[in-house]
Amino acid sequence: GRAVRFSPHGLSDIKTSRQIAADTEEDIYRILRIDCLDPELRENETFINAALKQPLPALVTFDQIKGDMQAHSNWSDGEETIKHIAQYVLNAFPHYQYVVITDHATEKKSVYSLQPKDFARQSDEIDSVNLSIGFSFLKKGVEVDILEDGQLSLTDEELKRFDWVIASVHSNFVHDSTDRLIAACRNPYVHCIGHPSGRLIGSRKPSPVNWDQVFEQAAITGTAMEINARPNRLDLDDGLVKKAIRSGVKLVIDTDAHALTHFDFMQLGVWVARRGACNKQDILNTGRWKDIERFKKNKMGLLK
């Protein structure tokens with residue numbers, strides 16, 4: 001093959017020292033006989049070396065996302081009705097196949113928390129909106145607190161009724177959350193850990209966590225980890241995303257929307273996933289809802 005030198009001055013033939021002209025980046029990669037790398041992978045020599053041996057899977061893209069897995073309505077602390085959420089998302093994201101309504105059901109019972117007495121009424125409202133749409137677009141989810149002893153803010157009997165359960169730490173962020181996160185992973189009715197590190201960019205540092213232990217348990221129990229796309233969270237960050245997928249953990253990208261404009265955050269989450277080297281197979285909500293049901297069934301089987 002042709003021996004070439006790649007330097008800041010461009011490509012040159014080692015034998016003749018002549019410059020090799022190329023019109024595009026793709027041409028340069030072709031001459032170097034390397035699979036064309038997405039820009040997010042070019043910082044890491046590991047991926048460059050891997051590309052020399054075989055084509056790498058393409059990074060996940062926004063148009064592969066089939067639905068948003070966390071959204072809050074005015075049943076808890078969201079601004080909008082469930083009907084308005086459905087109308088907006090169907091119009092703004094016509095390729096979405098589902099949106100999960102995941103109102104907070106917190107230990108601190110307040111006007112901003114979904115109460116057990118409300119579950120049936122909210123379920124009926126979602127059924128009614130889906131009936132008017134013509135298919136099961138809205139899914140019935142909930143976001144519960146992981147309490148300081150590792151218990152959840154709802155009982156297993158209450159969790160059973162939901163299509164998708166997110167468990168999140170909402171208190172005592174300064175203490176090590178490892179045991180709390182592992183306990184939540186081991187609950188067969190918890191499908192995803194929300195904003196796992198608890199960071200708020202510019203105002204709250206991530207909680208101390210032994211990520212090797214948490215990701216190992218998430219993989220063993222079949223529990224997904226969230227990439228929360230809100231711009232002040234972006235949690236998991238790209239470094240932890242890489243560690244999670246190396247551990248065999250499935251990830252979910254969602255917006256944690258509390259207002260209609262928040263659904264646009266999905267692209268931010270996709271960018272985090274791309275920086276974390278995720279392909280389509282690493283992200284659960286690139287699949288159809290039947291794939292998510294299969295994921296849930298798999299978790300139940302692992303914990304029997």
Side-chain angles (χ1 to χ4, degrees), residues 65 67-73 75-78 82 85 98-108 112-114 116 118-119 122-123 126 138-147 150-156 158-171 173 177 180-200 207 209 214-215 217-218 221-230 233-236 240-241 244 249-258 262-263 265-266 269 272-273 283-285 287 289 292-293 295-296 299-300 303:
I65 300 294
D68 202 325
M69 304 289 285
Q70 185 179 175
H72 299 266
S73 76
W75 282 87
S76 64
D77 58 347
I82 288 172
I85 289 170
Y98 47 84
V99 166
V100 190
I101 303 297
T102 54
D103 281 305
H104 292 279
T106 67
E107 184 186 32
K108 299 182 179 76
Y112 302 114
S113 174
L114 188 67
D118 298 327
F119 293 164
Q122 189 193 52
S123 177
I126 289 173
L138 297 173
K139 305 301 179 183
K140 301 168 186 177
V142 69
E143 184 179 12
V144 294
D145 295 342
I146 307 173
L147 307 179
Q151 297 296 305
L152 304 175
S153 54
L154 294 181
T155 66
D156 285 357
E158 290 166 330
L159 295 178
K160 277 182 190 177
R161 66 181 298 137
F162 293 99
D163 297 323
W164 187 249
V165 174
I166 301 168
S168 307
V169 170
H170 287 119
S171 62
F173 297 98
S177 293
R180 294 168 77 179
L181 296 178
I182 288 174
C185 286
R186 288 177 176 165
N187 185 304
Y189 304 105
V190 169
H191 306 121
C192 181
I193 303 297
H195 43 75
S197 82
R199 77 168 181 176
L200 290 174
S207 298
V209 172
V214 169
F215 292 154
Q217 285 300 310
T221 59
T223 308
M225 290 277 155
E226 179 185 73
I227 299 175
N228 186 303
R230 289 177 71 91
R233 287 193 184 275
L234 299 178
D235 175 14
L236 299 169
L240 289 176
V241 165
V249 176
K250 278 282 190 184
L251 299 171
V252 166
I253 307 173
D254 59 45
T255 64
D256 193 2
H258 287 65
H262 295 172
F263 286 100
F265 295 154
M266 184 63 78
V272 171
I283 307 300
L284 187 60
N285 53 320
W289 191 257
I292 291 164
E293 290 287 357
F295 174 84
K296 291 162 51 183
K299 166 157 191 168
M300 195 66 72
L303 290 179

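To the nearest 0.5 Å, atoms CD1 (Ile101) and CG (Asp68) are separated by 9.0 Å. Atoms CD1 and CD1, from Ile253 and Ile65 in turn, are 4.0 Å apart once rounded to the nearest 0.5 Å. Here the straight-line distance linking atom CD1 of Ile166 with atom CG of Asp145 works out to 12.0 Å at 0.5 Å rounding. Atoms NZ and CD1, from Lys139 and Ile292 in turn, are 8.5 Å apart once rounded to the nearest 0.5 Å. With rounding to the nearest 0.5 Å, the separation of CD in Gln122 from CD1 in Ile126 is 4.5 Å. With rounding to the nearest 0.5 angstrom, the NE2 atom of His195 is 6.5 Å from the CD atom of Gln70.
Legend: residues meeting ring pair (Phe, Tyr, Trp, His ring centres under 6.0 Å) with Phe295, ordered by chain and number and at least two apart, are absent. Not counting sequence neighbours, Asp254 has no partner by the side-chain hydrogen bond (donor to acceptor under 3.5 Å, both in side chains) test. For Lys296, the salt bridge (charged side-chain N to carboxylate O under 4.0 Å, His left out) criterion is met by Glu293, not counting sequence neighbours. In this structure Thr221 satisfies the side-chain hydrogen bond (donor to acceptor under 3.5 Å, both in side chains) test together with Thr223, sequence neighbours excluded. The ring pair (Phe, Tyr, Trp, His ring centres under 6.0 Å) search around Phe263 returns none, not counting sequence neighbours. The salt bridge (charged side-chain N to carboxylate O under 4.0 Å, His left out) test applied to Lys140 returns Asp127, not counting sequence neighbours. Remark: His72 engages His104, His258 in a ring pair (Phe, Tyr, Trp, His ring centres under 6.0 Å) (not counting sequence neighbours). Partners of Thr106 according to the side-chain hydrogen bond (donor to acceptor under 3.5 Å, both in side chains) rule, which considers only residues two or more places apart in sequence or in another chain, are Ser113. Residues forming a side-chain hydrogen bond (donor to acceptor under 3.5 Å, both in side chains) with Arg233 (at least two apart in sequence, or on another chain): none. A search for ring pair (Phe, Tyr, Trp, His ring centres under 6.0 Å) contacts involving His262 returns Phe265, not counting sequence neighbours.
Using a 3.5 Å distance cut-off with no hydrogens or angles, the side chains of Ser171 and Arg180 do pair a donor with an acceptor. Between the side chains of Asn228 and Asp235, no donor N or O sits under 3.5 Å from an acceptor N or O.
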message = Applying side-chain hydrogen bond (donor to acceptor under 3.5 Å, both in side chains) to Glu143 and Thr102, what does each step give before you reach the verdict?
response = CA-CA 5 Å; Glu143 184 179 12; Thr102 54; 5.3 Å; no

inquiry  = With side chain to side chain contact (heavy atoms under 4.5 Å, CB included) as the criterion, how do Met225 and Val214 come out once you've worked through the C-alpha distance, each side chain's angles and the decisive distance to 0.1 Å?
reply    = CA-CA 10 Å; Met225 290 277 155; Val214 169; 3.7 Å; yes

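Side chains of Ser197 and Val209 form no contact here, defined as non-hydrogen atoms less than 4.5 Å apart. Side-chain atoms of Leu154 and Phe119, non-hydrogen and from C-beta on, do get closer than 4.5 Å to each other. Phe162 is not listed as a side-chain neighbour of Val144, based on a closest heavy-atom distance of 4.5 Å or more.
No donor-acceptor distance shorter than 3.5 angstrom exists from the side chain of Asp103 to the backbone of Val142, with no hydrogens or angles considered. Remark: side-chain polar atoms of Arg161 are not paired, donor with acceptor, to backbone N or O of Ser123 under 3.5 angstrom. Side chain of Glu226 to backbone of Val252: no donor-acceptor contact under 3.5 angstrom is found. Judged by distance alone, the side chain of Ser207 and the main-chain N or O of Phe173 form a donor-acceptor pair under 3.5 Å. Side chain of Asn285 to main chain of Gly67: a donor-acceptor pair is present (N/O by atom type, distance under 3.5 Å, no hydrogens or angles).
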Listed pairs under 3.5 Å, donor-acceptor, residues 183-192 side chains, sequence neighbours left out:
from	atom 1	to	atom 2	distance (Å)
Arg186	NE	Gln217	OE1	3.1
Arg186	NH2	Gln217	OE1	3.3
Asn187	OD1	Tyr189	N	2.7
Asn187	ND2	Asp156	OD1	2.9
His191	ND1	Val165	N	2.9

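When every heavy atom of Ile227 is checked against every heavy atom of Gly269, the shortest pair comes out as CG2-O, 3.9 Å.
The only option from Ile193, Leu251, Val249 that meets the side-chain contact (heavy atoms from CB on, under 4.5 Å) definition with Leu236 turns out to be Leu251.
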